[in-house]
Structure formats: structure tokens, C-alpha cells
Amino acid sequence: MDERAANGKRVMVTGGCGFIGGHLLRKLLELGHEVLNVDRLTYAANTALVEEFGKSPGHTFLQADVADEPIMRLAMADFRPQWIFHLAAETHVDRSIEGPLDFLRTNVLGTGVLLEAARAMTGNNFRFIHISTDEVYGSLGLEGTFDETSQYSPRSPYSASKAGSDHLVRAWYETYGLPVIVTHCGNNYGTGQFPEKLIPMTITRALAEEEIPIYGNGCQVRDWVHVDDHVDALIAVGDRGAIGDTYDIGARDEWRNIDLVRKICGILDDLRPRASAAKYADLIRFVSDRPGHDFRYAINSDKIEAALGWKASRRIDSSLVELVENTVSP
Ligand SMILES: NC(=O)c1ccc[n+]([C@@H]2O[C@H](COP(=O)([O-])OP(=O)(O)OC[C@H]3O[C@@H](n4cnc5c(N)ncnc54)[C@H](O)[C@@H]3O)[C@@H](O)[C@H]2O)c1
């Protein structure tokens with residue numbers, strides 16, 4: 001018999017086979033929640049997670065598109081979720097530049113479909129938690145940070161589509177009283193990230209002795225947070241977040257892209273020295289900058305720290321060796 005915790009909730013996660021969704025799902029199952037994982041299994045999904053989570057009695061998997069309205073309505077009516085964590089999205093900025101319409105369909109229309117279906121979910125302390133990104137705020141100069149009051153100023157098709165979805169979520173709260181919460185997080189790192197993102201791309205290309213491309217001069221700054229810290233923040237938001245509120249999630253861990261890539265190369269030099277005397281950093285190649293490349297992101301997470309008692313517990317400097325080791329020998 002299923003031994004779900006007495007205070008366990010019925011939680012619908014969209015994008016549960018993605019990088020962050022996979023970590024969130026694992027944690028929710030550990031905590032004894034019953035989870036419906038809705039994922040279309042796009043190129044970005046880790047299909048091995050379907051098998052891993054399939055061993056848990058608390059997990060149900062539905063391969064479906066969040067933009068498919070009849071299926072989303074049926075899934076919610078059948079499962080009656082108390083929480084929805086909405087993570088399913090097209091997420092890679094470069095792909096959004098090459099083919100923006102997929103991003104509009106999944107990120108904007110898909111969010112709208114879920115919000116409409118969720119209007120039938122009343123009672124049971126229902127909450128719709130929308131997972132968004134600091135990229136909706138645009139680009140910072142050398143100084144300053146984003147917080148919940150920052151103006152939206154998205155500059156890529158990806159961030160514009162996420163900004164659009166945030167506005168829909170807020171509109172469904174104001175117009176229909178749907179109990180929503182929005183979160184914005186910085187760049188996540190951790191195991192299981194799709195290899196086109198900066199950290200796994202650097203590791204896999206270095207080990208394959210391929211060039212490691214760096215956009216522009218590599219001086220762009222990103223604010224990194226460990227995926228498990230992000231997951232803890234999301235669960236705190238589920239438990240204690242205020243309906244209608246927004247929480248920005250970060251670890252105050254800013255790195256220039258070039259410094260991060262060099263750091264990874266140095267770790268690889270120790271772990272798996274190249275056959276020649278060459279260093280992995282010799283594989284770095286500066287390539288034409290990404291169009292509209294945001295210069296700097298940095299998050300002020302004072303609000304979630306004070307209101308919900310969450311604080312990031314990891315820093316990239318001390319987590320990276322383990323992450324590189326796990327990627328080299330999983
Ligand atoms: N990765 C980051 O650094 C970061 C930072 C801040 C916010 N976010 C947000 O967190 C969420 C998850 O990001 P991630 O990096 O885990 O993404 P990911 O690209 O690793 O995974 C996305 C998942 O969504 C699924 N998906 C895509 N389109 C779908 C559709 N139409 N219907 C159903 N499922 C679909 C994919 O199959 C995949 O499993 C996204 O909403 C993203 O905007 C990510």
C-alpha cells in the first residue's frame with residue numbers, strides 16, 4: 001500500500017523530466033507528496049527519470065503538452081492537485097533566437113492553458129506556483145541587483161516569453177482571484193543539466209578535446225544558485241509563500257562566464273589531465289557575441305530570506321569539484 005505522508009499533498013509538476021523539475025520531483029517524493037508529473041518529453045527531457053520515478057508509488061507520469069487544453073483540464077479534474085509547480089518551458093536562449101515560436105507556444109500559450117484549467121481547482125489551499133527567471137528583468141550594469149520590484153525589460157525571445165507568462169499569471173490572480181505565486185531564480189547548476197548549457201557544455205566539450213566557445217569577451221556576469229537550494233526555496237514557497245506574492249531566489253554568487261569556464265578547466269586539469277602538456281583552458285575560443293546578450297544578472301533575495309526563512313546553503317566555488325567529478329564519472 002502507498003505510504004504517502006499523512007500531511008502529503010497532491011502536487012502536479014509540469015516539466016518534471018527537465019533539469020530543475022527532476023530535482024524538485026525527487027524531493028517532493030522523498031517528502032511523501034503524491035506527484036503527477038506532466039512532461040511532453042522534448043529534446044531537453046531526461047527520459048531516464050520516467051523510469052527512476054516510476055519505481056515510486058507516489059508518482060504518476062503523463063506524457064502531454066501543457067498547451068493541450070482538453071488534456072490539461074482532464075488531468076487536473078482527475079488528479080485534483082493542491083499545488084501546481086509550473087516549470088515546463090522551452091529554456092535555451094540560443095534556441096529562442098533561432099526559433100522563437102516554439103517558445104511562445106509552450107511558455108506563453110502553455111501557461112495560459114494551465115491557468116484556465118486551474119480555475120476549476122478551488123479549495124484545499126490550492127496554489128499555482130509559477131517558476132520564472134531573473135532574465136525577465138533584462139540586463140544590469142556593473143552595479144545593482146534585481147528584486148521583486150524591478151521593472152520587466154526582457155531582451156531575448158526566451159525572456160520575453162517568460163515575462164509574458166508571468167504577466168498572465170498575475171492577470172489570472174487579479175482578474176479571477178486564482179491563488180498564484182511567482183518565483184524568479186538566477187542560473188541554476190547541479191547534476192543532470194542538459195549539455196547545451198554553459199557548465200555541462202564546458203565539461204563535455206573539454207573532455208572530448210573540442211573547442212569551448214565563449215560569447216564575446218566572456219565578461220558577462222551570471223548569478224548562480226545550486227539546483228537543490230532552488231528546490232528548497234520552491235518547497236518553502238509551497239508551504240509558506242503568500243498568495244499573490246513574488247519571490248526572487250538567488251545565492252549572491254556572481255561569476256563572469258570566462259572565470260567560471262577557466263575554473264572548470266582547472267578542475268579538469270587536476271581530475272583528468274590532458275594527454276599532452278596542454279591545459280583544458282587552451283581549448284577556449286572567443287566567438288561572436290550572442291545578439292542582445294545581457295551583460296549582468298544579480299539577484300537580491302532579502303525578501304524570501306526574511307519572509308520564508310530560506311537561504312542558499314551552497315556556493316559554486318565549493319560545489320564545482322563534486323559536480324565536475326559527477327559529470328566525468330557519473
Ligand atoms: N535552468 C535555469 O537556470 C533556470 C533559472 C531560472 C528559471 N528557470 C525556469 O525553470 C523552469 C525549468 O527549467 P529547466 O532548466 O529545468 O528546463 P529544462 O529545459 O531542463 O526542462 C524543461 C522540461 O519541460 C518539458 N517541456 C517543454 N515543453 C513542454 C510542453 N509544451 N509541455 C510539457 N512539457 C514540456 C521538457 O520536456 C523538459 O523536461 C523553466 O520554466 C525555466 O524558465 C530555469
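None of the values given here were measured: they were computed from a predicted structure. Start at 1 with the first residue, then count along the sequence. Counting starts at 1 for both ligands and their atoms, in listed order.
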- Task: Give a yes or no on this: more than 12 heavy atoms of other residues, nucleotides or ligands lie within 6.0 Å of atom NZ of Lys197.
- Result: yes
- Task: Check whether more than 12 heavy atoms from other residues, nucleotides or ligands sit under 6.0 Å from atom CD of Glu196, and answer yes or no.
- Result: yes
Distance-only criterion, 3.5 Å: show the donor-acceptor pairs between side-chain atoms of residues 82-89 and protein atoms not counting sequence neighbours.
unit_1 : atom_1 : unit_2 : atom_2 : d
Gln82  : OE1    : Arg10  : N      : 2.7
His86  : ND1    : Thr14  : OG1    : 2.7
His86  : NE2    : Thr111 : OG1    : 2.9

- Anything with a heavy atom under 4.0 Å from ligand 1 counts, so go ahead and list those protein residues by chain and number. Gly15, Cys17, Gly18, Phe19, Ile20, Asp39, Arg40, Leu41, Thr42, Ala44, Ala45, Ala64, Asp65, Val66, Leu87, Ala88, Ala89, Thr91, Thr106, Ile131, Ser132, Thr133, Tyr158, Lys162, Cys185, Gly186, Asn187, Asn188
Going by atom type alone, with no hydrogens or angles, which donor-acceptor pairs under 3.5 Å involve a side-chain atom of residues 97-104 and a protein atom two or more places apart or on another chain?
none

- Between Arg95 and Tyr43, is NZ or CZ placed under 6.0 angstrom from the six-membered ring centre and within 45° of the ring axis? yes
Could you pull out every donor-acceptor pair under 3.5 Å between side chains of residues 262-273 and any protein atom, sequence neighbours left out?
unit_1 : atom_1 : unit_2 : atom_2 : d
Lys263 : NZ     : Asp317 : OD1    : 2.8
Asp269 : OD1    : Tyr280 : N      : 3.1

